[in-house]
S.K.: 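There's a structure below that I have some questions on.
Reckoned from all heavy atoms, side chains included, excluding hydrogens, waters and symmetry mates.
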Amino acid sequence: MPIDARAALAAEPRRAEIGWNHKDVQLYHLGLGAGSPATDPDELRYTLESRLQVLPSFATVAGAGTAALGGMGAPGIDVDLAAVLHGGQTVTVHRPIPVAGRAEQTSKVAAVYDKGKAAVIVLRTEAGDEDGPLWTNDAQIFVRAEGGFGGERGPSDRLAPPDRDPDRTVERPIREDQALLYRLSGDWNPLHADPAFAELAGFDRPILHGLCTYGMTLKAVTDTLLDGDVSRVTVYRTRFAGVVFPGETLRIRMWAAGEGRVQVTVTAAERDDAPVLADTLVEHS
């Protein structure tokens, strides 16, 4: 059934009450590889409740991280989930995320773009508490074979890497069990844990969650260029360009791209720098 963009955009937002506490935050950070070395003061701010701060990418898993994809059931969106890919993610934080809290989260289809042979659906979730807005999440969902309905093509967010050496390059190893730990934050897709399921999907072993790579990259940028201060991050966006496997190493290249901007590319070091994240930008104060 073709996408009915008008119906999808006109649908009432879905609302849910969500909550989290320090254990949810600590589990999320551990799933990103935080805590190594375990007694490093720079790591304790991600793992020890008395010093805890919250990476803005935690917004993608708060409340078990299911609200955004719930928008795939909106009126006018009737697609084969086997044709769906998570194409990109943007998190905007309006103020630092508290270590524990409750919020009302709304989910809606914010845009539908016609790419010809495919469609891109932007699913937006916004969360706020009694003190005001907390974050806005935009998930760009790529749906194969659902284009051609006459809609707008949409903006291009492509960012060519600067034509110079990176200002900083860091490598972050992915533990063999990292996907098993990360999925405890809410993404139970067996693609990331079950070898038989991964084989059916065309992979020789389970792959790491794209949003885990997303969080690992933001932590690396924060620790390397922002003095480990998560409150400086205001916007973080990326395009998922390829997969990475547990046991591999992320190579994260960073360029200062003007006042308050860091441009990033992420590749798989062991596979000749195969692309993992592209068009990645961190905006900061």
S.K.: Heavy atoms, side chains only, cut-off 4.5 Å: are L225 and R168 in contact?
M.R.: yes

S.K.: Salt bridge check, D129 against R95: does any charged N sit closer than 4.0 Å to a carboxylate O?
M.R.: yes

S.K.: For the pair Q263 (side chain) and A160 (backbone), establish whether a donor and an acceptor sit closer than 3.5 Å, ignoring hydrogens and angles.
M.R.: yes

S.K.: Hydrogens and angles aside, do D223 and Y46 bring a side-chain donor and acceptor to less than 3.5 Å of each other?
M.R.: yes

S.K.: Please check if L191 and L85 belong to a single hydrophobic cluster, counting links between Ile, Leu, Val, Met, Phe, Trp and Tyr side chain heavy atoms closer than 4.5 Å.
M.R.: no

S.K.: What I want to find out is whether D4 reaches R6 closely enough, with some N-O distance under 4.0 Å, to be called a salt bridge.
M.R.: no

S.K.: Between OG1 of T90 and OH of Y236, what distance do you get to the nearest 0.5 Å?
M.R.: 10.0 Å

S.K.: Decide side-chain contact (heavy atoms from CB on, under 4.5 Å) for T222 and T224; before the verdict, give the C-alpha distance in whole Å, the side-chain angles of both, and the deciding distance to 0.1 Å.
M.R.: CA-CA 6 Å; T222 301; T224 303; over 6 Å; no

S.K.: For a quick check under 3.5 Å, do N137 and Q89 share a side-chain donor-acceptor pair by atom type?
M.R.: yes

S.K.: Salt-bridged, R15 to E104, with N to O below 4.0 Å?
M.R.: yes

S.K.: Taking it one step at a time, do I77 and I121 satisfy side-chain contact (heavy atoms from CB on, under 4.5 Å)?
M.R.: CA-CA 9 Å; I77 305 294; I121 301 169; 3.7 Å; yes

S.K.: Could you check whether any side-chain heavy atom of P206 comes within less than 4.5 Å of a side-chain heavy atom of P246, counting everything from C-beta outward?
M.R.: no

S.K.: Side chain to side chain contact (heavy atoms under 4.5 Å, CB included) with T60: which of L55, D187, T125, L211?
M.R.: L211

S.K.: Taking the side chain as C-beta and beyond, is there a heavy-atom pair between T136 and V91 under 4.5 Å?
M.R.: no

S.K.: Can you name the closest pair of heavy atoms from D227 and R45 and give their distance?
M.R.: O-NH1, 3.8 Å

S.K.: In this structure, are over 12 heavy atoms from other groups packed under 6.0 Å from E259 atom CD?
M.R.: no

S.K.: With distance as the sole test, does E283 use its side chain to make a donor-acceptor pair with the main-chain N or O of T92 at under 3.5 Å?
M.R.: no

S.K.: I'd like to check P41 versus R51 (side-chain heavy atoms, cut-off strictly below 4.5 Å). Are they in contact?
M.R.: yes

S.K.: Compare all side-chain heavy atoms of M216 with those of L250 and state whether any distance is below 4.5 angstrom.
M.R.: yes

S.K.: Supply the atom-to-atom distance R102 CZ to E17 CD, rounded to the nearest 0.5 angstrom.
M.R.: 6.5 Å

S.K.: What pair of heavy atoms forms the shortest contact from A256 to D167, and how long is it?
M.R.: N-OD2, 2.6 Å

S.K.: Is there a side-chain contact (heavy atoms from CB on, under 4.5 Å) between I3 and V112 once you walk through the steps?
M.R.: CA-CA 9 Å; I3 292 173; V112 182; 3.9 Å; yes

S.K.: Give a yes or no answer on whether the side chain of D272 reaches the backbone of A274 with a donor-acceptor pair at less than 3.5 Å.
M.R.: no

S.K.: Shortest non-hydrogen contact from V276 to T267?
M.R.: CG2-C, 3.7 Å

S.K.: Can a side-chain donor-acceptor contact be found between Q26 and E49 if the only test is distance below 3.5 angstrom?
M.R.: yes

S.K.: Aromatic rings H86 and F240: how do their planes relate, parallel, tilted or perpendicular, breaks at 30° and 60°?
M.R.: perpendicular

S.K.: Mind checking whether V84 and L123 sit in one hydrophobic cluster, side chains of I, L, V, M, F, W, Y counted as touching below 4.5 Å?
M.R.: yes

S.K.: Mind listing the closest non-hydrogen atom pair of T213 and V244 along with its distance?
M.R.: OG1-CG1, 3.6 Å

S.K.: Checking H29 against T47: is there a side-chain donor and acceptor pair closer than 3.5 Å?
M.R.: no

S.K.: Do R153 and Y113 meet the cation-pi criteria used here (NZ or CZ under 6.0 Å from the six-membered ring centre, within 45° of the axis)?
M.R.: no

S.K.: Classify the ring geometry between Y28 and F58 as parallel (under 30°), tilted (30 to 60°) or perpendicular (over 60°).
M.R.: perpendicular

S.K.: Mind listing the closest non-hydrogen atom pair of I252 and A220 along with its distance?
M.R.: CD1-CB, 3.7 Å

S.K.: Give the minimum heavy-atom separation between R158 and D279, together with the two atoms involved.
M.R.: CD-OD2, 2.8 Å

S.K.: Can you confirm whether D131 is buried at CG, in the sense that more than 12 heavy atoms of other residues, nucleotides or ligands lie under 6.0 Å from that atom?
M.R.: yes

S.K.: Do P56 and L218 touch side chain to side chain, with heavy atoms closer than 4.5 Å?
M.R.: yes

S.K.: Which distance, rounded to the nearest 0.5 Å, do you find between the CZ of R261 and the CH2 of W255?
M.R.: 14.0 Å

S.K.: State plainly whether the residues K219 and E43 are in salt-bridge range, i.e. N to O under 4.0 Å.
M.R.: yes

S.K.: Do T280 and T238 get their side chains close enough for a donor-acceptor pair, meaning under 3.5 Å?
M.R.: yes

S.K.: Would the number of heavy atoms belonging to other residues, nucleotides or ligands and lying under 6.0 Å from CD of E171 be above 12?
M.R.: yes

S.K.: Nearest 0.5 Å, what's the CD-SG distance between Q178 and C212?
M.R.: 4.5 Å

S.K.: Rounded to the nearest 0.5 Å, what separation is found between the CD atom of E12 and the NZ atom of K108?
M.R.: 10.0 Å

S.K.: Same cluster or not: L226 versus M254, using hydrophobic residues (I, L, V, M, F, W, Y) connected whenever any side-chain heavy atoms lie under 4.5 Å apart?
M.R.: yes

S.K.: Does the pair F245 and I174 meet the rule for a side-chain contact (heavy atoms from CB on, under 4.5 Å), with working shown?
M.R.: CA-CA 8 Å; F245 297 92; I174 303 167; over 6 Å; no

S.K.: Do V221 and V264 touch side chain to side chain, with heavy atoms closer than 4.5 Å?
M.R.: yes

S.K.: Identify whether I207 and V266 are in the same connected component of the hydrophobic contact network (ILVMFWY, side-chain heavy atoms under 4.5 Å).
M.R.: no

S.K.: When hydrophobic residues are tied together by side-chain contacts of less than 4.5 Å, even through go-betweens, does L159 share a cluster with V120?
M.R.: no

S.K.: Do R237 and D138 sit within salt-bridge range, that is, some charged N less than 4.0 Å from a carboxylate O?
M.R.: no

S.K.: Output yes when D273 and R253 qualify as a salt bridge under the 4.0 Å nitrogen-oxygen rule, no when they do not.
M.R.: yes

S.K.: Can you tell me if E270 has over 12 outside heavy atoms packed within less than 6.0 Å of its CD?
M.R.: yes

S.K.: What's the spacing between S231 OG and H284 NE2 if we round to 0.5 Å?
M.R.: 12.0 Å

